[in-house]
Amino acid sequence: MSEKNEHFMVKCKGPPKQFLAIVGDTDGMIRKSLEERSKAVKEEADCYFIETYYYSAKYGIKTYETLSELSADYEANNAPIMCIFFALKSMDQLEEAKTVSNQVKADTKVIIVESLELCPDFDGLEKFVAENEFEVVFLKPNEDQLVEAAEQAEKIGVDRLIETMEVCNWPWRVVNAIGKVKIHDSIGTLSNFMDDEADPTEYNMNEDDTISGPAADQLIRHFAQWIDQNPDATIPAPQHAERVNLSPDSPTTTEGTTNQDDVSISVDIDLVCATKNLGENGGSSGENEKKAEKST
């Protein structure tokens with residue numbers, strides 16, 4: 001664990017306040033695979049640690065044989081279950097999975113299937129996850145799935161499960177960023193944009209929190225200082241888009257011929273962005289100027 005992680009864990013002691021629920025993992029392989037790729041928190045049972053570029057968060061793992069067990073535990077303890085991994089055995093379980101995930105208000109909901117060949121009804125499952133904001137992950141993808149994932153640079157299997165946890169909206173987390181900017185969010189709690197000397201504070205950060213007033217001004221000043229220290233971080237040159245097909249009479253790539261299946265339209269777009277110099281204190285000496293020109 002890095003020094004920053006150690007620093008974070010010293011400041012954020014205690015049991016986890018949020019959980020991943022694994023349901024139906026009868027042989028324990030899902031949990032075992034996750035634990036092998038996860039960072040365990042010292043001196044805390046069933047407690048693990050996520051660190052992404054944007055945030056760090058501590059979470060616990062709870063395992064249940066059935067969805068009804070998860071539902072009963074939530075009713076009794078009201079522990080925040082932010083992520084659910086459910087090992088599917090039958091299509092009849094889907095409606096219960098939907099009901100329980102809504103009950104616990106899970107942010108990330110994943111249906112786990114061992115393989116496409118063992119999937120009871122792939123078309124029905126695909127329709128269900130699309131309509132109910134679930135995701136399906138195959139633990140043992142076949143050759144075609146491996147090729148498709150490689151072509152699209154997508155993660156598969158357990159690596160994809162970990163990725164879904166990283167994008168989960170864990171409410172108790174610490175922001176990771178450069179600097180010492182302390183920002184009060186809309187509910188008055190304090191976050192820290194961490195560096196090696198900053199004191200990280202684990203706090204409840206809502207998805208729709210906004211920054212305004214002096215805190216926002218301080219953030220802008222910090223950004224201005226960062227720009228001064230990173231002269232290569234400049235605005236890109238204007239981009240130019242030339243042609244998109246949309247006319248039935250447009251020529252094909254074969255000179256002297258036309259193809260009624262071809263459609264084209266010519267579009268020229270120039271985008272120009274310019275910023276005025278920043279003041280000595282990091283504030284802006286003038287508003288940003290933006291100009292966009294479009295001709296067709």
Side-chain angles (χ1 to χ4, degrees), residues 1-25 27-64 70 73-74 77 79-87 101 104-112 135 137-141 149 153-180 189-207:
M1 189 178 292
S2 68
E3 292 183 4
K4 182 180 290 187
N5 290 352
E6 292 281 5
H7 188 47
F8 166 76
M9 295 315 306
V10 167
K11 293 293 181 180
C12 302
K13 290 183 178 180
K17 305 179 181 73
Q18 54 202 355
F19 297 89
L20 158 69
I22 303 176
V23 184
D25 183 24
D27 59 3
M29 290 305 298
I30 297 174
R31 175 164 184 154
K32 180 180 178 181
S33 298
L34 288 173
E35 288 177 338
E36 289 174 349
R37 293 168 170 80
S38 301
K39 301 173 184 177
V41 176
K42 297 177 181 178
E43 301 177 358
E44 291 291 346
D46 300 326
C47 186
Y48 301 86
F49 181 69
I50 287 178
E51 182 184 40
T52 72
Y53 180 82
Y54 301 102
Y55 75 91
S56 300
K58 194 171 58 173
Y59 66 95
I61 296 181
K62 291 175 174 283
T63 55
Y64 306 91
L70 167 56
D73 182 50
Y74 180 78
N77 301 300
I81 304 294
M82 302 310 301
C83 188
I84 294 179
F85 291 167
F86 173 56
S101 64
V104 305
K105 300 179 178 64
D107 179 75
T108 299
K109 304 170 289 187
V110 182
I111 300 294
I112 300 176
E135 179 171 346
V137 172
F138 293 95
L139 288 182
K140 299 177 181 178
E154 294 180 344
K155 293 184 178 180
I156 54 177
V158 176
D159 289 335
R160 177 54 188 160
L161 292 178
I162 293 175
E163 192 172 57
T164 64
M165 294 171 59
E166 291 176 346
V167 300
C168 178
N169 185 33
W170 299 102
W172 291 92
R173 61 190 187 270
V174 168
V175 175
N176 292 336
I178 299 173
K180 300 179 182 179
T189 51
L190 179 67
S191 66
N192 291 275
F193 277 45
M194 296 165 52
D195 65 7
D196 292 337
E197 299 178 359
D199 289 335
T201 301
E202 188 181 24
Y203 75 107
N204 191 6
M205 183 169 65
N206 296 319
E207 186 174 7

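Nothing here was measured: the structure is a model prediction, and the numbers come from that model.
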Out of Ile22, Val104, Thr108, Asp107, which one pairs with Ile84 under the side chain to side chain contact (heavy atoms under 4.5 Å, CB included) rule?
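It is Val104, the one option of Ile22, Val104, Thr108, Asp107 that forms the side chain to side chain contact (heavy atoms under 4.5 Å, CB included) with Ile84.
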
Residue from Val137, Val110, Ile111 passing side chain to side chain contact (heavy atoms under 4.5 Å, CB included) with Phe85:
Val110

Salt bridge or not between [X] and [Y]? Use side-chain N to carboxylate O under 4.0 Å.
X: Arg160; Y: Glu163; answer: yes
X: Glu44; Y: Lys58; answer: no
X: Arg37; Y: Asp159; answer: yes

Quick one: are [X] and [Y] in side-chain contact, heavy atoms under 4.5 Å?
X: Asp46; Y: Arg31; answer: yes
X: Cys83; Y: Trp170; answer: yes
X: Leu139; Y: Leu161; answer: yes

Main-chain N/O of Trp172 paired with Tyr55 side-chain donor or acceptor, under 3.5 Å:
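Checking the backbone N and O of Trp172 against the side chain of Tyr55, no donor-acceptor pair under 3.5 Å is found.
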
Could you pull out the closest heavy-atom pair between [X] and [Y], with the gap in Å?
X: Cys47; Y: Pro16; result: SG-CD, 3.8 Å
X: Tyr59; Y: Ser38; result: OH-OG, 3.5 Å
X: Lys62; Y: Ile81; result: CD-CD1, 4.0 Å

More than 12 heavy atoms from other groups under 6.0 Å of CD on Glu36:
yes

Let's go through Val158 and Met29 carefully: what are the C-alpha distance in whole Å and the side-chain angles of both, what is the deciding distance for side chain to side chain contact (heavy atoms under 4.5 Å, CB included) to 0.1 Å, and is it a yes or a no?
CA-CA 10 Å; Val158 176; Met29 290 305 298; over 6 Å; no

If I take atom CG from residue Leu20 and atom SG from residue Cys168, how far apart are they, to the nearest 0.5 angstrom?
8.5 Å

How far does CD1 of Ile61 sit from CD1 of Ile30, to the nearest 0.5 angstrom?
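Between Ile61 CD1 and Ile30 CD1, I get 11.5 Å after rounding to 0.5 Å.
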
